[in-house]
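So that the names make sense, note that chain A is the first sequence line, chain B the second, and so on, each numbered from 1.
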2 protein chains.
Amino acid sequence: MNARRKFRREGEERRRQDLIDATLDSVAEHGLQGATVRTIALRAGVTAGLIRHYFPGKEDLLQEAYAALMGRMTEQAKAALVMEDASPRQRLAAFVTANLNAPIIDQRVFSLWATFLGRAGADPTLARAHREGYLGFRNEVEAVVAEVLAAERRKPDAAELRRHAIAINAIIDGLWIEGCLAGEMFSPGELAAIGIKAIEAELGLAPEKQFQEK
Amino acid sequence: MNARRKFRREGEERRRQDLIDATLDSVAEHGLQGATVRTIALRAGVTAGLIRHYFPGKEDLLQEAYAALMGRMTEQAKAALVMEDASPRQRLAAFVTANLNAPIIDQRVFSLWATFLGRAGADPTLARAHREGYLGFRNEVEAVVAEVLAAERRKPDAAELRRHAIAINAIIDGLWIEGCLAGEMFSPGELAAIGIKAIEAELGLAPEKQFQEK
DNA sequence: GGCGTTGTTGTGCAAGTGTATAAATAGCCT
DNA sequence: AGGCTATTTATACACTTGCACAACAACGCC
């Protein structure tokens, strides 16, 4: 009687990923305080003790989960930049559009972002991880902005470029937050349209002419 | 022996405020998970049992603490708008400047904001509280923008006004976050200057002429 | 001053926490 | 098929958590 639970042995990488995913799910749903080893294990379909077999402690699991989250976010964000045969301005517009629509506009991701960042003030590790991600993102923005202005025959100095990047980054971040927190207040594509307009104004570009037909 | 601890009876309102402040301090420093009744009580200079005398439960204390935080934030933010004998444009600039400098740019406040907002996805009460604060803020922005444009003899329709308010709100929010998380990366006043420029571009205003002398 | 009210303390408790560790078994190698 | 080994389960433990409750003492009132 009292049969022991059946189980399967998964590959190490698979198990670690499952545990990390389960951790992110738990944090997104119930916050850091709700992410207990038992909750996480239950979600991952294993028992609590197994966590200690793959991670030195719960804290390490949380750290790795945050790193994984950041990695996915920046990866998705930057993916919109790799477009061939497109003008710099089109690439910038596509970048903004991608960042202000699903799946990057997502309440769950926002919850995770906010929850972890709330501890950045106290946890230097988290703070540094965020800073690196932020600077990487801003540098991408700055590079595209430089291309856009170059295509317009304009030659901004480094300080001006930096200011543009900071402002544009703020516009995207701010609209991203609004979309995540109150997405249903905006019609589809509205945030992206607002963002593109604001960014074009910031860069002093003439409103884009619509050339839908080939 | 084992003398019982001396204590003083404080007024009810005072004690409640102290407990709320201690709660916010605890959350800012160690996150929601670090805000235990014992930690909070220790910080407030009382023993844990007293919390239950003023609040039905820990959850209620957290709710009231969040409400208090939001109240202080929006109050401070709006305070910069009450300027007499100032042009709409000056008031807008003062508003932006106030929101992008201390004490509104503050890592502790950001930690609290992020920590609580991380649970907004799961807790409808928090979500609604945030939404109200956000809409209130945006309406203030929209009102000032309307004044600024009116002073320029421009008559935008409601939709255009809404878009401007959304974009400007995003700019302020985005720069606020950057300042809170990495304040030392910016020189004093730099964020405000960037914000004002971006907002003027968004509104299509000619760069402001400096008229320092009376 | 004595006395009652009630703000405040201290203690206790059941549930839940992360971690340690022994027992079991799934899957591979021969 | 049989044994080895490392993955996985299960149990135990010390500690923390929110909450309940009884004892106590500070303060107002007469």
Side-chain angles (χ1 to χ4, degrees), chain A residues 1-27 29-66 115 119 122-123 125, chain B residues 1-27 29-66 115 119 122-123 125:
Chain A
M1 72 189 97
N2 233 342
R4 191 170 246 250
R5 173 177 174 177
K6 302 289 187 211
F7 62 91
R8 273 203 325 155
R9 304 175 105 148
E10 298 282 356
E12 163 164 355
E13 212 42 53
R14 168 69 185 276
R15 266 282 133 85
R16 291 178 63 91
Q17 267 308 316
D18 283 350
L19 286 172
I20 286 178
D21 287 339
T23 302
L24 291 177
D25 283 342
S26 300
V27 172
E29 203 160 320
H30 301 105
L32 277 174
Q33 45 186 355
T36 70
V37 287
R38 287 168 177 82
T39 303
I40 294 170
L42 181 67
R43 240 190 169 80
V46 297
T47 52
L50 191 59
I51 288 183
R52 286 294 313 254
H53 191 259
Y54 287 101
F55 300 91
K58 186 199 171 192
E59 211 56 39
D60 303 80
L61 173 55
L62 283 173
Q63 299 252 9
E64 290 208 29
Y66 178 64
T115 300
R119 289 197 46 180
D123 186 337
T125 307
Chain B
M1 69 186 101
N2 233 342
R4 192 169 248 249
R5 172 177 174 179
K6 302 287 188 214
F7 62 92
R8 274 203 326 154
R9 302 177 111 149
E10 297 283 354
E12 162 163 357
E13 213 42 53
R14 168 70 184 275
R15 266 281 134 86
R16 292 178 63 91
Q17 268 308 316
D18 283 351
L19 285 173
I20 286 178
D21 287 338
T23 303
L24 290 177
D25 283 342
S26 300
V27 172
E29 204 159 320
H30 300 104
L32 277 174
Q33 44 185 356
T36 71
V37 287
R38 287 170 176 82
T39 303
I40 294 170
L42 180 67
R43 223 182 246 278
V46 296
T47 52
L50 191 60
I51 289 183
R52 283 295 313 252
H53 191 260
Y54 287 101
F55 299 91
K58 185 199 168 190
E59 211 56 37
D60 303 80
L61 172 56
L62 283 174
Q63 299 253 10
E64 290 208 29
Y66 178 64
T115 300
R119 289 198 46 177
D123 187 337
T125 306

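- Spacing between atom CZ of R8(B) and atom C1' of dT6(C) amounts to 17 Å, rounded to whole angstrom units.
- Looking at E29(A) and T39(A), their side chains never come closer than 4.5 Å, going by heavy atoms from C-beta outward.
- When the P atom of dT7(D) is taken as reference, atom CZ of F55(A) falls 13 Å away, rounded to whole Å.
- Residues satisfying the side-chain hydrogen bond (donor to acceptor under 3.5 Å, both in side chains) test with R16(B), not counting sequence neighbours, are E64(B).
- Residue H53(A) places at least one side-chain N or O under 4.0 Å from the OP1 or OP2 atom of dT7(D).
- Partners of R52(A) under the side chain to side chain contact (heavy atoms under 4.5 Å, CB included) rule, at least two apart in sequence or in another chain, do not exist in this structure.
- Picking from dT9(D), dA26(D), dG27(C) the nucleotide with the shortest atom distance to the side chain of K6(B) gives dA26(D).
- Considering only residues two or more places apart in sequence or on other chains, Q33(B) meets the side-chain hydrogen bond (donor to acceptor under 3.5 Å, both in side chains) condition with none of them.
- When rounded to the nearest whole Å, the span between CG of L50(B) and C1' of dT8(C) equals 6 Å.
- Between the CG atom of L61(B) and the P atom of dT17(D) there is a distance of 15 Å, given to the nearest Å.
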Study note, to complete from the structure: Each nucleotide of nucleotides 16-25 of chain C classed B (base within 4.0 Å of a protein heavy atom), S (only sugar-phosphate) or -, in 5' to 3' order, makes -BBBS--BSS
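- For the side-chain hydrogen bond (donor to acceptor under 3.5 Å, both in side chains) test, residues two or more places apart in sequence or in another chain that qualify with E10(A) are R8(A).
- Taking only side-chain nitrogens and oxygens, Y54(A) comes nearer than 4.0 Å to OP1 or OP2 of dT8(D).
- Evaluation of the side chain to side chain contact (heavy atoms under 4.5 Å, CB included) rule for D18(A) yields R14(A) as partners, not counting sequence neighbours.
- Applying the ring-ring contact (aromatic ring centres under 6.0 Å, His included) test to pairs two or more places apart or on separate chains, those with a residue in residues 37-66 of chain B are Y66(B)-F116(B).
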Donor-acceptor list for residues 56-63 of chain A side chains, cut-off 3.5 Å, not counting sequence neighbours:
{"from": "K58(A)", "atom 1": "NZ", "to": "A35(A)", "atom 2": "O", "distance (Å)": "3.1"}
{"from": "D60(A)", "atom 1": "OD1", "to": "G57(A)", "atom 2": "N", "distance (Å)": "3.3"}

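- Going from atom CD of E10(B) over to atom P of dG7(C) covers 13 Å, rounded to whole Å.
- Proximity of V46(B) to L19(B): side-chain heavy atoms (C-beta onward) are separated by under 4.5 Å at one or more points.
- Only R15(A), listed by number, bring a heavy atom of residues 11-26 of chain A to less than 4.0 angstrom from any atom of DNA chain D.
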